[in-house]
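Take a look at the structure set out below.
Below, each value reflects all heavy atoms present in this structure, side chains not excepted, and no hydrogens, waters or symmetry copies. Reminder, nothing fancy here: chain letters follow the sequence lines and each chain counts from 1. Source: prediction; values computed, not measured.
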Amino acid sequence: MSDRTVADVLMKAARAAGKAGVKGRPPLSSTAKSPKKDQGKELALAETKQLGLNDAMEELRKKQSEFDPKRAAFWKETEQVPFIFLARALDMISNESGRLVITEILCNAFRTVIATKRSDLLAVVYLSANKVAPAHEGVELGIGDAAIIKALADAFGRKEDQIKSQMKALGDLGLVAKASRSTQRLMIKPTALTCVKVLETFRFIAKESGKESQDKKRARIKALLVAATDCEPQYLVRLLQAKMRIGLAEQTVLAALAQAAVLSEHPPVLPAQLEDRLDEAVQIMKRTYSVLPIYERVIPALLDEGISKLPNVCDFTLGVPIGPMLAKPTKGVSEVLDKFQDLVFTCEYKYDGERAQIHYLEDGSVEIYSRNAERNTAKFPDVIASLIKFKKPEVTSFVLDCEIVAYDRETNKILPFQVLSTRSRKGVIISDIKIQVCLYGFDLLYLNGKALLQEQLNIRREALYNSFVEVSGVFQFATATTSNELDAIQEFLQDAINHSCEGLIVKTLEKDATYEPAKRSNNWLKLKKDYMDSIGDSLDLVPIGGFHGRGKRVGVYGAFLLACYDEDADEYQSICKIGTGFSDAMLEERSESLQKNIIPKPKPYYRYGETLGVDVWFDTVEVWEIKAADLSISPVHRAANGIVDPNKGISLRFPRLLRVRQDKSPDQATSSQQVAEMYRAQHINHHPANGNNEED
DNA sequence: AACTACTGCCC
DNA sequence: GTTATGC
DNA sequence: GCATAACGGGCAGTAGTT
């Protein structure tokens, strides 16, 4: 089969389709954004027979000052909120790009729920935020594109291959679902979906496990799809994918929720105060959720007590993960000095491991949470067992912010992230552990019954230093300096890198130095070698394959397969895919240019992993400069195969496009020898278990 | 029992 | 994780 | 500056298949 024809046809089809339904980029083709309420209207009238639906939905468009919550309800107040109400609201939002308007529509929808069926607000918010449960509860759908494709084929009586090729063309399974709507009319119309029912089904899907669980999950999805009408299939699928793609995500949901609470108050807020109250409410809601990310707690409290009293009822709770504070990237020491001009600050090593937030409760129990609030407690029983050794006896409760790093206690050296990631993740037993870890503590958020979030970093850090003792290779404080001289910082950065760290985190100490949960704060700056221009690994590589874009990248390539050139064997060896660093214009240019160089099948002198699933192959014509943070041994890529590892190639960590090298031809690309040399130059600390005879 | 594709979650 | 983009 | 949505490598765990 010829890849060219398939690829070409799909690409053209996508362009012709004008990329309706996914926003973010002014479409290549000039099809104007046509309001699509017209289409929805007919479908709704024909199918749902819910008279008043369209009028009701029209109400949602109104400004919040003119909006009448009950007029937007087309169901009886005793009934559960229909799913189509939310789906239509989301569809309305998909046609908007302004965040204010999006927030307003969602706010109106929430107000209607509050005014009619308050008990459904929780489900409606969960669906709006595209979540199934709090992150730390570990509820997983276990449904990906492959499973959805099967379910769609099943529900609409289509062939999987057909769905797949339509997926390539439309770039979104939600749109495929929309296009698949069953033509046959059902004899008995299924009962309308409700938000509660949909959320409940998602939770059932998550619970399904073991033999034939995939069939059971698929059956549940099918049932939802069959019962769905109008735009419901599209949004069901997008919810299952956890990709809403309509410019709405959790932060906006929180804002809308806060505003809806204010606007639902009795007596109504005076117009003169309204704007301030709304802004304040949004801040309160975001802050509350950042320290207590559990809708089951926040929403009832919001409904019962109102937004103003929310902080009194919903506060940080030991055992519940706080959103970790994040750092802003900076390009160099001078930018850091610039941003922290007159402030006192400190520099800490940025360790290359995984972020951990450790909760130690009064009863001695422990929870360990990841950067994304996943409960990792069962992954680190060794950490829990060692707590007692580095915690001072007078410490009865704490929340520690730290980095867990793979560590070789023989050589006292930090091991690479790739080693850490090989640790088992579930139900780990201490005696089975092969990779030891060291904790690097850098912040203390809670101590002996008292939250420290509001304290400045110097206070929190003092508390940290006073509460724990270092145990070499088990628990150490993040290496820090308070020097504020450019040269000294530069040197400290080099020290960090020499000690197997990624770079530095620079933090304000005394002023503007509170812990800002869940924020990428300006008070923490990260400084990595590869952020700096003219420093860090950069390679000149050849695009040899393309992958059809999804979402806002439909109609262009979303990613490319890159290769280096092996001079000895005269072959191109895949080294990584690349999908970031392109401006929209650049991505279009490169897509268009490479499309002219499509070849029907890969050249015999291309080396690559078969599992990559390349959509389209290109002749070697261009050279792109790519920046990366590190080089790694790869299970799929083939660069420098046989040079560093007998059976494996080399790949790049965090690859991104810098620019197109118009001055270079493909055979002048970075050579496999150079790639191998760059890999060796990293001076990686090898784990003893991996260093010896692996393959003999 | 070994392999593979898929999924979720680290970075 | 990095990056680009619209508001 | 914030929020969102494109996209990266690579690992363990799981379900299904050979």
Side-chain angles (χ1 to χ4, degrees), chain A residues 22-26 96-103 135 138 140-150 171 208-215 217 242-255 286 326 328-329 352-356 370-374 376 379 403-404 416-428 502 519-522 526 528 530-531 547 549-554 556-562 575-587 611 613 626-637 650-658:
Chain A
V22 181
K23 75 170 136 192
R25 180 168 54 94
E96 303 294 339
S97 60
R99 215 152 57 216
L100 294 176
V101 179
I102 289 173
T103 309
E140 293 173 12
L141 284 179
I143 291 292
D145 283 1
I148 294 173
I149 287 169
K150 282 189 177 179
E208 224 73 77
S209 74
K211 200 168 177 296
E212 294 184 337
S213 57
Q214 287 299 310
D215 287 346
K217 286 177 194 240
K243 273 193 187 359
M244 205 77 99
R245 296 210 247 242
I246 59 175
L248 171 72
E250 194 157 43
Q251 293 308 305
T252 306
V253 172
L254 292 171
K286 289 185 179 177
L326 305 172
K328 286 246 168 81
D352 190 9
E354 63 181 89
R355 186 88 175 260
S370 77
R371 191 198 120 129
N372 297 314
E374 298 285 331
N376 267 344
K379 182 176 172 183
E403 191 82 4
I404 298 180
F417 175 79
Q418 218 175 348
V419 171
L420 178 69
S421 68
T422 65
R423 274 184 61 126
S424 305
R425 292 166 194 182
K426 292 185 171 175
V428 175
E502 292 184 290
K519 278 183 94 170
R520 196 170 290 280
S521 164
N522 286 316
K526 61 175 159 178
K528 290 167 69 170
D530 61 293
Y531 292 166
F547 301 83
R550 300 161 167 230
K552 65 183 179 184
R553 295 234 176 128
V554 71
V556 292
Y557 297 111
F560 302 86
L561 182 63
L562 296 176
I575 184 166
C576 68
K577 298 203 291 173
I578 187 80
T580 193
F582 306 88
S583 66
D584 288 352
M586 177 66 82
L587 187 59
T611 56
I626 306 296
K627 178 92 113 173
D630 291 304
L631 290 84
S632 58
I633 297 292
S634 171
V636 293
H637 291 290
I650 287 170
S651 188
L652 305 182
R653 190 184 191 194
F654 310 146
R656 60 265 197 191
L657 177 81
L658 285 187

Taking only the side-chain nitrogens and oxygens of [X], find out if one of them lies under 4.0 Å from OP1 or OP2 of [N].
{"X": "A:Lys552", "N": "C:dT3", "result": "no"}
{"X": "A:Lys519", "N": "D:dG1", "result": "no"}
{"X": "A:Arg550", "N": "D:dA5", "result": "no"}
{"X": "A:Thr252", "N": "D:dA3", "result": "no"}
{"X": "A:Ser632", "N": "D:dG10", "result": "yes"}
{"X": "A:Arg553", "N": "D:dA6", "result": "no"}

Inset, instruction - Give A:Arg99 one of three labels, base, sugar-phosphate or nothing, depending on what nucleic acid heavy atoms sit under 4.0 Å from its own. - result: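 Contact class for A:Arg99: base.
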
Inset, instruction - Identify whether any heavy atom of A:Asp530 sits under 4.0 Å from a base atom; if not, whether one sits that close to sugar-phosphate; answer base, sugar-phosphate or nothing. - result: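 Contact class for A:Asp530: none.
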
Inset, instruction - Starting at the 5' end of nucleotides 11-18 of chain D, put B wherever the base has a protein heavy atom under 4.0 Å, S where only the sugar-phosphate does, and a dash everywhere else. - result: BSSSSS--

Legend entry - Dot-bracket encoding of pairs in DNA chain B, which uses [ ] for pseudoknotted crossings and | for another strand, Watson-Crick or G-U under 3.5 angstrom: |||||||||||

Contacts of type side-chain contact (heavy atoms from CB on, under 4.5 Å), residue [X], not counting sequence neighbours:
{"X": "A:Ser634", "result": "A:Val636, A:His637, A:Ser651"}
{"X": "A:Asp215", "result": "A:Glu212, A:Arg218"}
{"X": "A:Lys526", "result": "A:Ala327, A:Pro329, A:Lys350, A:Ile505, A:Arg520, A:Tyr531"}

Legend entry - Selected nucleotide, minimal atom distance to A:Asp352 side chain, candidates B:dC11, C:dT2, C:dC7: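 The closest nucleotide is B:dC11.
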
Legend entry - Rounded distance in Å - OH (A:Tyr531) to P (C:dG1):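 The distance from OH of A:Tyr531 to P of C:dG1 comes to 7 Å, rounded to the nearest Å.
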
[X]: which residues meet the salt bridge (charged side-chain N to carboxylate O under 4.0 Å, His left out) condition with it, sequence neighbours left out?
{"X": "A:Arg656", "result": "A:Asp530"}
{"X": "A:Lys528", "result": "A:Glu502"}
{"X": "A:Glu140", "result": "none"}
{"X": "A:Lys379", "result": "A:Glu354"}

Inset, instruction - Go through the N and O atoms of the side chain of A:Arg653 and the base of B:dC11, and report whether any donor-acceptor pair is under 3.5 Å. - result: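 Donor-acceptor pair under 3.5 Å: no.
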
Inset, instruction - Could you tell me if the ring centre of A:Tyr557 sits under 6.0 Å from that of A:Phe582? - result: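 Not close enough - the centres of the two rings lie 6.0 Å or further apart.
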
